[in-house]
Amino acid sequence: MSDIRTRFAPSPTGYMHLGGLRTALYAYLFAKQRGGKFILRIEDTDQEREVPGAVELIYEDMHKAGLDYDEGPDVGGDYGPYIQSRRKDLYLPYAMQLVESGAAYPCFCTKEELQARRDKATAKGEQWKYDKHCLHIDKAEAKRRMESGEPYVIRQNIPETGVASFEDLLYGHVETECAILDDNVLIKQDGLPTYNFANVIDDHLMKISHVIRGTEYLSSTPKYNLLYEAFGWQPPTYMHLPVVMKDATRKLSKRHGDPTFEDLLEQGYVRDAIINFIALLGWAPKDDREFFTLPELVEVFDTDGLSKSPAIFNTDKLRWFNSEYIKKMDFEDYLKTATPWFDKALQGKGIDYRRLAELMHGRTEVFSQVPEMVSFLAELPDYQIDLYSHKKMKTDPALSLTVLKLALTRAAALQDFTEDALKESLMELAAENEWKTGQVMWPVRVALSGLPSTPGGATEIAYLLGKDETLQRLAIGINFLEQFQSMRQS
RNA sequence: GGCUCCAUGGUCAAGCGGUUAAGACGUCGCCCUCUCAAGGCGAAAUCAGGGGUUCGAUUCCCCUUGGAGCUGCCA
């Protein structure tokens, strides 16, 4: 067993973001590929943002995504608890250790005072940064005030000179002047740590070897390394991942109505297609291959295929992946998955789902579009006369009327109302009158569906509709065309 | 504003000093076809701009421009 340990550390604030899912996926792949462990840790130190039920949702989404973790709140492990709020008492002693060594200090400034100073600075167009005001309080005095119960926070004491830096697996050397770094709060007034502190403590305690997370932490990571140094700990290897964008300037966010992993699943995207697509959003394999299952990704994933620039979440490509995955689905699976979607439009209509599924299998991009595609079977949509005119099929309303009348007679005469029998009969009709196949099939299909395109041709639709409904719709078509003709004459 | 990072077609991207600058999605055209898809074939479309370095820059360096992230007692 290798010592590689990666983690995914989401905050329980709602559904799984696609960007988060991708980060989790890469962290998972990285660990699994090297025989390491993948850990789930819940970062809920901000009680105000906590959304009820969100923690369970994370477990569920990870499970649905197939990203099984070796350690986590619900599966246990040797380094628990894996929920930060359950570890709350463990952070303060570490912070005090830093206070002792001078790498941190208590601060008694209130939020209001801070805000006032911040506002004043911004009003003057100045850059706000905490002025280390409380660093200069006498140590004994500070201790007395802390013990007296006066509210305080603990701040990181960042050196005023020098540089802080780290090596990123993707971005290389990143460094910042300490002089421009702010003295972050490590322990909040409520006694809970901030992310800035908790992530360092927990990653160390949980023996995380590789911290894989979004670029939003890239610029604060030098500060974290200062903390590792102050503790005398070995920092982990970092790898930051670019953001997933909605378009060139906006990142994907739930607030703007962009879909979450959960949403995509509900819309009828299949899990493997989503994972496959997400994997390729910011990473490319060495060759041209683009279909990968999760285990295959574990095999071939490599960090130098990673991209440094943000990628736009492109739904077209996802749809394509999805349709490919659907086509590859076993037919019985397809039928089973499609059935509830068929029901939405056709419940109780007595349609042969099996035959419908055969017709739809290769035409389904996303399951949510299925009801709309088949609803014409339940009810004939209103349509315009020009549907009967089709240049390529060489048809027009007049010819359509003739064809429909003859087709109705033939259909009515069929004892055995099968696709083959109907097709044979209609082809015969075309041949007898020296019409092209399309000149017969087009008007029939239009009369039966009222649509410019359908999943299946005229005879297939006729079969699904059944003899009675077929004859009825043919009659409606004839009636419609006759009315049109008499209107034109008058 | 400051700091950090990024920059190849519409999108995802390969490329890692010398290439006709891959491939995929999407778009368009043709074929196939009882419609539409699917499938087959083909096409259009990219190195942000300017300086260097070099015999030679998409590739290395700098600047500009554009974009992103951070700048919270949020993560």
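Lettering of chains follows the sequences in order, A, B, ..., and the numbering in each one begins at 1. Because only heavy atoms are used, hydrogens play no part in the values below, and waters and symmetry mates are left out as well, while side chains stay in.
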Item to check | C1' gap between B:rG10 and B:rC47, integer Å | outcome: 16 Å
Next on the checklist: What contact category does A:K129 fall into here, base, sugar-phosphate, or nothing, at under 4.0 angstrom with non-hydrogen atoms?
Outcome noted: nothing
Next on the checklist: Which nucleotide, if any, forms a Watson-Crick or G-U wobble pair with B:rG69, using both distances under 3.5 Å?
Outcome noted: B:rC3
Checklist entry - B:rG66 and B:rC61: how far apart are their P atoms, nearest whole angstrom? => result 22 Å
Next on the checklist: Pairing check on B:rG10: which nucleotide meets the Watson-Crick or G-U wobble criteria with it, both distances under 3.5 Å?
Outcome noted: B:rC25
Checklist entry - In whole angstrom, what separates A:R213's CZ from B:rG69's P? => result 17 Å
Checklist entry - Counting any heavy atom closer than 4.0 Å, what does A:E177 reach on the DNA or RNA strands: base, sugar-phosphate only, or nothing? => result nothing
Checklist entry - Centre of A:Y152's six-membered ring, under 6.0 Å away, within 45 degrees of the axis: is that where NZ or CZ of A:R145 sits? => result no
Next on the checklist: Please report the distance, rounded to the nearest Å, between NZ in A:K246 and P in B:rG10.
Outcome noted: 21 Å
Atom pairs, protein N/O to nucleotides 72-75 of chain B N/O, distance under 3.5 Å:
residue: B:rG72; atom: OP2; partner: A:R118; partner atom: NH1; Å: 3.3
residue: B:rC73; atom: O2; partner: A:Q189; partner atom: N; Å: 2.8
residue: B:rC73; atom: N4; partner: A:C109; partner atom: O; Å: 3.2
residue: B:rC73; atom: N4; partner: A:K111; partner atom: N; Å: 3.4
residue: B:rC74; atom: OP2; partner: A:K188; partner atom: NZ; Å: 2.7
residue: B:rC74; atom: O2'; partner: A:D46; partner atom: OD2; Å: 3.2
residue: B:rC74; atom: O2'; partner: A:R49; partner atom: NE; Å: 3.2
residue: B:rA75; atom: OP1; partner: A:T45; partner atom: OG1; Å: 2.5
residue: B:rA75; atom: OP1; partner: A:K188; partner atom: NZ; Å: 3.2
residue: B:rA75; atom: OP2; partner: A:Y195; partner atom: N; Å: 2.9
residue: B:rA75; atom: O3'; partner: A:S11; partner atom: OG; Å: 3.1
residue: B:rA75; atom: O3'; partner: A:E43; partner atom: OE1; Å: 3.0
residue: B:rA75; atom: O2'; partner: A:S11; partner atom: OG; Å: 2.9
residue: B:rA75; atom: N3; partner: A:Y217; partner atom: OH; Å: 3.2

Next on the checklist: Side chains of A:M373 and A:E365, heavy atoms from C-beta outward: is any pair under 4.5 Å?
Outcome noted: no
For nucleotides 11-15 of chain B, print each protein N/O atom paired with a nucleotide N/O atom at under 3.5 Å, atom names and distance only.
residue: B:rC12; atom: OP1; partner: A:I312; partner atom: N; Å: 3.0
residue: B:rC12; atom: O2'; partner: A:L280; partner atom: O; Å: 2.9
residue: B:rA13; atom: OP1; partner: A:G282; partner atom: N; Å: 2.6

Item to check | Salt bridge flag under 4.0 Å for residues A:R49 and A:E43 | outcome: no
Item to check | For atom CG of A:D288 and atom C1' of B:rC25, their distance in whole Å | outcome: 14 Å
Checklist entry - Considering only the P atoms, how many Å lie between B:rC62 and B:rA24, rounded to the nearest integer? => result 36 Å
Checklist outcome for this item: note: A:Q369, atom CD; B:rC36, atom C1'; distance rounded to Å ~ 12 Å
Checklist entry - If we call it a pair only when both distances are under 3.5 Å in a Watson-Crick or G-U wobble match, what pairs with B:rU20? => result none
Next on the checklist: Salt bridge or not between A:E160 and A:K132? Use side-chain N to carboxylate O under 4.0 Å.
Outcome noted: no
Checklist entry - Checking all strands, does A:E424 fall into the base, sugar-phosphate, or nothing category for heavy-atom contacts under 4.0 angstrom? => result nothing
Item to check | Length of the line joining A:R250:CZ and B:rG69:P, which is rounded to integer Å | outcome: 12 Å
Item to check | Pair assignment for B:rC30, Watson-Crick or G-U wobble, requiring both distances under 3.5 Å | outcome: B:rG40
Next on the checklist: Check this for me, if you would: do A:K423 and A:D420 make a salt bridge, where the nitrogen-to-carboxylate-oxygen distance has to be below 4.0 angstrom?
Outcome noted: no
Checklist entry - Does a salt bridge link A:K328 with A:E324, judged by any charged N lying under 4.0 Å from a carboxylate O? => result no
Checklist entry - Within 45° of the six-membered ring axis of A:F166 and under 6.0 Å from that ring's centre, is NZ or CZ of A:K223 located there? => result no
Next on the checklist: What I want to find out is whether A:D202 reaches A:R7 closely enough, with some N-O distance under 4.0 Å, to be called a salt bridge.
Outcome noted: no
Next on the checklist: Just the rounded figure in Å: distance from P of B:rU4 to NZ of A:K223.
Outcome noted: 13 Å
Next on the checklist: If I take atom OH in residue A:Y334 and atom P in nucleotide B:rA38, what distance separates them, rounded to the nearest angstrom?
Outcome noted: 14 Å
Sub-3.5 Å pairs of nitrogen or oxygen atoms, protein against nucleotides 31-35 of chain B:
residue: B:rU33; atom: O4; partner: A:K392; partner atom: NZ; Å: 3.3
residue: B:rC34; atom: O2; partner: A:A458; partner atom: N; Å: 2.6
residue: B:rC34; atom: N3; partner: A:T459; partner atom: OG1; Å: 2.9
residue: B:rC34; atom: N4; partner: A:T459; partner atom: OG1; Å: 2.9
residue: B:rU35; atom: O2'; partner: A:P452; partner atom: O; Å: 2.8
residue: B:rU35; atom: O2; partner: A:R445; partner atom: NE; Å: 3.4
residue: B:rU35; atom: O2; partner: A:T454; partner atom: N; Å: 2.7
residue: B:rU35; atom: O2; partner: A:T454; partner atom: O; Å: 3.1
residue: B:rU35; atom: O2; partner: A:T454; partner atom: OG1; Å: 3.3
residue: B:rU35; atom: N3; partner: A:T454; partner atom: O; Å: 2.7
residue: B:rU35; atom: N3; partner: A:G456; partner atom: O; Å: 2.9
residue: B:rU35; atom: O4; partner: A:G456; partner atom: N; Å: 2.9
residue: B:rU35; atom: O4; partner: A:G456; partner atom: O; Å: 3.0
residue: B:rU35; atom: O4; partner: A:G457; partner atom: N; Å: 3.0

Checklist entry - Does any N or O in the side chain of A:S165 come within less than 3.5 Å of the main-chain N or O of A:E175, such that one atom is a donor and the other an acceptor? => result no
